Amino acid sequence: MMKTRKLLCMILVAATISCFSSIPSFAFSATASNALTATSSNALPMEEYLQFDEFDILERPALLMSSDDVVNTVDLSKCRLQLGYYDMSGVLKFKNVNFNSSGYASMSLPSDFASSRYIGFVIMSDALPPAGKYNMSCHFGSNTGGFTYSRCYVNSRKQVGNADTQLSGKDVSFSQSSGDVYVNTTIDINSGLESVGVLMYLTDLVLPYGGYLSVQFTKLSPGASTDVGTAGGSYTPEDAASDTALNTSKMADTLEEIAQTISNQLEALWDQMFNLMHVPQLANDDKNTGLITGAIEEQMDADRQNTEDIIAAEESNTTTIINNNNENTEKITNGYDNSALNAENDKLNNSLTEYDNAEKQVMDKVNHALDDINFNQSLDNYMQPILLCSTFMQRLYDNSGGFKDVINLTLIVSIASIVVGIYRFKGGD
């Protein structure tokens with residue numbers, strides 16, 4: 001029975017295949033003559049299979065040049081779409097937009113845009129291969145068109161520490177179609193490059209401008225000739241030694257990171273094992289610690305209450321002492337009988353007042369007598385007696401003969417005595 005069923009199934013399958021193969025419309029063979037190739041002439045309209053955003057960004061690349069297919073070998077997120085343009089004042093400016101990981105970028109219209117100088121892509125150092133000679137193939141599939149590139153220029157930059165930036169560049173051949181561009185050249189990449197740029201010059205650029213990029217580097221032999229050199233010159237043995245040292249340093253850093261990762265993993269494993277072995281003991285320790293902590297807190301509360309009671313008692317005693325001292329001071333201040341002292345003070349004040357009045361009366365009498373003195377005579381009347389006395393004394397001295405010496409000596413001794421007396425009066429010895 002089972003064999004009969006298998007036989008019937010085989011007959012049905014064979015009949016079905018025979019029926020479908022006899023109908024021409026259901027079968028065809030794909031050959032080079034009928035295979036469909038997406039070109040600028042037979043590509044479907046963009047609106048039928050592409051999605052747009054506010055900058056008309058393509059979600060899928062439109063492969064308009066099948067002969068220019070390039071197998072990408074670089075990290076496209078390390079590349080930039082660069083626009084060189086002139087503003088309204090004729091100043092050359094630049095705008096950069098990073099490609100995403102799929103190799104797509106879109107350049108919007110700058111607010112001060114007047115005319116274009118070039119559009120191109122820049123391969124940054126993180127996306128460049130190691131120093132050496134390479135065949136470089138680049139394909140940029142643009143989702144816009146209506147313009148023509150006039151030239152293609154490959155340039156490079158190298159930043160030298162504490163020195164000017166080194167630049168190098170050269171025009172290369174290229175092919176284009178409806179905004180797509182394909183570049184294939186050989187290049188000698190020096191060590192330490194900051195970037196390599198592929199710039200397409202044009203003046204009729206229409207913005208926004210976007211598309212997909214593919215870059216492929218193929219290693220050449222050290223003795224191969226190249227079309228384009230890069231900043232810093234050819235790759236030399238010194239450059240190789242420098243790259244070797246740099247790579248060794250990077251390897252050391254990588255090994256250090258690996259060792260650190262292993263150390264962290266071992267530490268995490270040890271923590272897990274420790275927890276498995278000691279968690280029960282830790283839980284019991286935590287319980288005992290809680291009991292001890294509770295007892296300590298109770299004792300601290302009791303000590304705190306006792307301390308507060310002692311402080312309250314001390315404050316009460318201090319208040320009582322202060323009140324007693326205030327009361328005693330009041331008694332001493334207001335209880336002393338000073339009436340006798342006040343009476344004596346009054347007597348003294350009265351005596352001083354009487355003395356002042358008597359002194360004032362005497363001085364008033366003296367001043368009154370002095371005020372009554374009146375010099376009615378002239379000065380000549382007073383000088384005549386003085387001159388008469390002076391003349392008499394001078395004649396007496398002149399007629400004294402040898403007695404002059406006694407008079408002179410007496411006068412000198414008198415003057416000396418006066419001087420000595422004044423000196424001793426002033427404190428001299």
Side-chain angles (χ1 to χ4, degrees), residues 53-59 61 70 72-129 136-145 147 149-160 164-172 174 176 179-183 185 187 189-190 192-217 228 230-232:
D53 59 15
E54 59 180 336
F55 296 115
D56 293 336
I57 296 177
L58 286 175
E59 300 296 335
V70 175
N72 183 71
T73 61
V74 304
D75 183 0
L76 295 172
S77 64
K78 307 298 183 182
C79 300
R80 300 175 180 174
L81 183 63
Q82 185 177 91
L83 170 66
Y85 68 96
Y86 294 100
D87 64 6
M88 304 302 179
S89 301
V91 178
L92 180 61
K93 294 187 175 181
F94 307 92
K95 182 179 180 181
N96 293 284
V97 176
N98 292 329
F99 285 90
N100 59 24
S101 58
S102 300
Y104 183 80
S106 178
M107 180 68 67
S108 61
L109 179 67
S111 59
D112 57 348
F113 180 87
S115 63
S116 61
R117 178 174 173 80
Y118 67 81
I119 187 75
F121 50 89
V122 180
I123 308 168
M124 305 305 294
S125 58
D126 293 340
L128 290 174
M136 182 179 69
S137 299
C138 306
H139 177 264
F140 184 79
S142 174
N143 59 1
T144 55
F147 44 81
Y149 306 113
S150 60
R151 57 183 284 217
C152 180
Y153 184 76
V154 177
N155 71 349
S156 59
R157 296 170 56 92
K158 181 176 182 179
Q159 181 65 50
V160 182
D164 294 336
T165 301
Q166 296 181 356
L167 304 174
S168 178
K170 184 179 179 181
D171 286 311
V172 298
F174 67 101
Q176 61 178 316
D180 289 10
V181 63
Y182 173 74
V183 178
T185 187
I187 185 171
I189 296 180
N190 190 27
L193 289 181
E194 180 182 339
S195 63
V196 172
V198 179
L199 312 179
M200 286 74 70
Y201 284 76
L202 73 170
T203 58
D204 55 348
L205 178 64
V206 179
L207 294 171
Y209 174 93
Y212 282 82
L213 173 67
S214 297
V215 181
Q216 180 180 6
F217 286 98
V228 180
T230 55

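All heavy atoms count here, side chains included; hydrogens, waters and symmetry mates do not. Just so it is clear, the model here is predicted, and its values are computed rather than measured.
When side chains are defined from C-beta on, S195 counts as touching M124, because their heavy atoms get closer than 4.5 Å. When side chains are defined from C-beta on, I119 counts as touching L81, because their heavy atoms get closer than 4.5 Å. P208 is not listed as a side-chain neighbour of T144, based on a closest heavy-atom distance of 4.5 Å or more. The shortest distance between side-chain heavy atoms of V154 and V196 falls below 4.5 Å. Between C79 and F121, every side-chain heavy-atom pair lies at or beyond the 4.5 Å cut-off.
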Worksheet item: So S125 and E194, side-chain hydrogen bond (donor to acceptor under 3.5 Å, both in side chains) or not? Walk me through it.
Response: CA-CA 5 Å; S125 58; E194 180 182 339; over 6 Å; no
Discussion item. With side chain to side chain contact (heavy atoms under 4.5 Å, CB included) as the criterion, how do M136 and V198 come out once you've worked through the C-alpha distance, each side chain's angles and the decisive distance to 0.1 Å?
Written reply: CA-CA 11 Å; M136 182 179 69; V198 179; 4.1 Å; yes
Discussion item. Run L202 and S116 through side chain to side chain contact (heavy atoms under 4.5 Å, CB included) and show every step you take.
Written reply: CA-CA 7 Å; L202 73 170; S116 61; 4.3 Å; yes
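Proximity of a side-chain donor or acceptor of N72 to a complementary backbone N or O of V215 within less than 3.5 Å is detected. A donor-acceptor pair under 3.5 Å is absent between the side-chain atoms of S142 and the main chain of G211, judged by distance alone. Within the 3.5 Å criterion, the main-chain N or O of G197 finds a donor-acceptor partner in the side chain of N155. Between the side chain of S137 and the backbone N or O of V70, no donor-acceptor pair lies under 3.5 Å. In this structure a side-chain-to-backbone donor-acceptor pair under 3.5 Å is present from S150 to Y201.
A distance of 11.0 Å separates OG1 of T185 from CG of D171, quoted to the nearest 0.5 Å. Atom CG of N98 and atom CD of Q82 lie 11.5 Å apart (nearest 0.5 Å). Rounding to the nearest 0.5 Å places CD1 of I187 at 8.0 Å from CG of L128. The line from OG of S101 to NZ of K78 is 11.0 Å long, rounded to the nearest 0.5 Å. With rounding to the nearest 0.5 angstrom, the SG atom of C138 is 6.5 Å from the CZ atom of F217. In this structure, N100 CG and S77 OG are separated by 8.5 Å, a value rounded to the nearest 0.5 Å.
Contact record, R117 with Y86: NH1-OH, 3.1 Å, taken as the closest heavy-atom pair. The shortest heavy-atom contact between M200 and G120 is CE-CA, 4.0 Å. Between H139 and G141, the shortest heavy-atom distance links the atoms CE1-N, 3.7 Å. The shortest heavy-atom contact between S168 and T230 is CB-C, 3.8 Å. Taking all atoms of both residues into account, the shortest heavy-atom contact from Y209 to G179 is OH-O, 4.0 Å. Annotation for L83 and Y118: closest pair CD1-O, 3.5 Å, computed over non-hydrogen atoms.
Taking the six-membered ring for Trp and the full ring otherwise, F174 and F140 have centroids separated by 6.0 Å or more.
Between the side chains of Y104 and N143, a donor-acceptor pair is found at a separation under 3.5 Å. Of the N and O atoms on the side chains of S108 and K95, at least one donor lies less than 3.5 Å from an acceptor on the other residue. Between the side chains of T73 and Q216, no donor-acceptor pair is found at a separation under 3.5 Å.
Scanning for side chain to side chain contact (heavy atoms under 4.5 Å, CB included) contacts around D112 gives Y85, D87, K93, P110, with sequence neighbours left out. Applying the salt bridge (charged side-chain N to carboxylate O under 4.0 Å, His left out) criterion to D75, with sequence neighbours excluded, gives no partner residue.
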